[in-house]
Amino acid sequence: MAIAILYFASVREAIGHSSETVAPPPDVVTIADLIGWLAARGGGYAVAFANPGQIRAAIGDDFAEPGTPIAGAREIALFPPVTGG
Amino acid sequence: MAIAILYFASVREAIGHSSETVAPPPDVVTIADLIGWLAARGGGYAVAFANPGQIRAAIGDDFAEPGTPIAGAREIALFPPVTGG
Amino acid sequence: MSATLSVGVQAADFDVGAELAKLEPLGGGGVASFTGVVRGGNGLTALELEHHPGITETMIRRIAEQAAGRWPLLGVTAIHRHGRLAPGDRIVLVAAASPHRSAALEATAFLIDWLKTRAPFWKKEYFADGTSRWVEARAADDEAAKRWIEQG
Amino acid sequence: MSATLSVGVQAADFDVGAELAKLEPLGGGGVASFTGVVRGGNGLTALELEHHPGITETMIRRIAEQAAGRWPLLGVTAIHRHGRLAPGDRIVLVAAASPHRSAALEATAFLIDWLKTRAPFWKKEYFADGTSRWVEARAADDEAAKRWIEQG
């Protein structure tokens, strides 16, 4: 399952790029699982996702909760809380 | 005592002109006296001032009450209640 | 906070973008505005506004100063047209610049309420059937303006 | 009442006068607006706004629709810039046309409160001393936006 992941703001800066395509294993079921799986890569990923409670997500154009399943998602965005314009 | 009188809106229309110079007699002391004195001219004046309670006045750039003395006034405006912009 | 006041009563139209652009660089971060347009309907073909050259502008300036004293404003603009206007014509512009968006918006609401209900203008409506009538003061609008006085 | 919506998230500046002029002929009689300008101070040299191309515009459109459902509006405009902006640059424009001036002003207040506090943007501040920092969500602004939700 190939998913496009978009990173924004401080998450993007810590990871060092704004998007990539990943293929998580079958035991990565939810947004929270995905964040944990990415954090386990270490380096910038570990920094970006050091505090998973402060990470927000969207699947496509809709906001998603940590428990939201990612099955079927083609694009997932991960980012810090929005700050308004 | 020569006073310039300005008429506005329906008062101006009833009287037929927008300004004139008048010299009221000494017993015309207040704005209310002035309105009564003008109304007594009859014709358009009587129509314009048929309901003196609905006439507002200003001496120079300041609003005046019916009881305000007109002594020393150089310009007096008489008009219906303002309606906003 | 010292506010730059710009007040005008004029026959000519005004340039909304240009007027707001004068308030934007005052450092406030926000500019609120309200533009009034002559509304048609009921066969209205024209609106004629009469004003007292001395009083009308003086009073508008006084209310703009009052707004600048009540809210932390950096600039206030109030322009009102007089003369004959057609439906669709701009008739009034109020704008306020402030570091606080609520202050800018509330001051704009205060000024437009006062201008629409208390400003020294007399309005005559002309209709397609050839009739015309002087507009009378409206009690409902008086209430809107009174709200602000009671809060003061 | 059916409202014409105009929503944009763009790098380019916008023309306030031209945008408001599109709302004036909708027959409402009044157009309220709020223009946000990047504020300087504390050595700020630039503000960088990041957005999610899909989500940000979709969310703004959804809130504009919400405003059009809550107030009797004939038109709503909401334009927000992204990218790198300097103090003094325009950053956001909200405007609403309505037959009721209070509706136009309240809808404008609602939209700007939401845009300033809830809209999906991330802001980074750059300072004259070479430092920079990501802005964090502000609780006070959250409260301003919440007022509207509680009233809803």
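Scope of the values below: all heavy atoms of this structure, side chains included, with no hydrogens, waters or symmetry mates. In what follows, every chain begins at residue 1, and chains take the letters A, B, ... in the order their sequences are listed.
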TODO: Determine, for D/Arg101 against C/Asp113, whether the closest basic-nitrogen to carboxylate-oxygen distance falls under 4.0 angstrom.
DONE: yes
Task: Proximity of residues 32-57 of chain C to chain D, residues having a non-hydrogen atom under 4.5 angstrom - done: C/Ala32, C/Ser33, C/Phe34, C/Thr35, C/Gly36, C/Val37, C/Arg39
Task: Structural part of D/Pro87 lying under 4.5 Å from a heavy atom of chain C - done: neither
Task: pair C/Val94-C/Phe110: side-chain heavy atoms closer than 4.5 Å - done: no
Task: chain C contact residues among residues 4-25 of chain D, heavy-atom distance under 4.5 Å - done: D/Val16, D/Gly17, D/Leu20, D/Glu24
Task: Under the side-chain hydrogen bond (donor to acceptor under 3.5 Å, both in side chains) test, residues paired with C/Ser2 that sit two or more places apart - done: none
- [ ] Specify the closest pair of heavy atoms between C/Leu73 and C/Ala103, including all atoms of both residues, with the distance to one decimal.
- [x] CD2-O, 4.0 Å
Open item on the list: I'd like to verify something: which residue of D/Gly27, D/Ala104, D/Gly88, D/Pro99 has the highest number of heavy-atom pairs under 4.5 Å with chain C?
Closed with: D/Pro99
Open item on the list: So, taking the atom named CZ in C/Arg118 and the one named CD1 in C/Ile60, what distance separates them when rounded to the nearest 0.5 Å?
Closed with: 14.5 Å
Task: Sub-4.5 Å side-chain heavy-atom contact between D/Phe127 and D/Arg133 - done: yes
TODO: Find the distance between CG (C/Leu115) and CE (C/Met59) and round it off to the nearest 0.5 Å.
DONE: 10.0 Å
Task: CZ-CD distance between C/Arg62 and C/Glu65, expressed to the nearest 0.5 angstrom - done: 8.5 Å
- [ ] Determine, step by step, whether C/Ile112 and D/Leu105 satisfy the side chain to side chain contact (heavy atoms under 4.5 Å, CB included) criterion, reporting the C-alpha distance in whole Å, the side-chain angles of both residues, the deciding distance to 0.1 Å, and the verdict.
- [x] CA-CA 10 Å; C/Ile112 194 66; D/Leu105 283 159; 4.0 Å; yes
Task: Any side-chain heavy-atom pair of C/Gln66 and C/Trp114 under 4.5 Å - done: no
Task: Distance, nearest 0.5 Å, that separates CH2 of D/Trp71 from NE2 of D/His100 - done: 14.0 Å
- [ ] Could you tell me which residues in residues 75-86 of chain C have at least one non-hydrogen atom under 4.5 Å from a non-hydrogen atom of chain D, sorted by residue number?
- [x] none
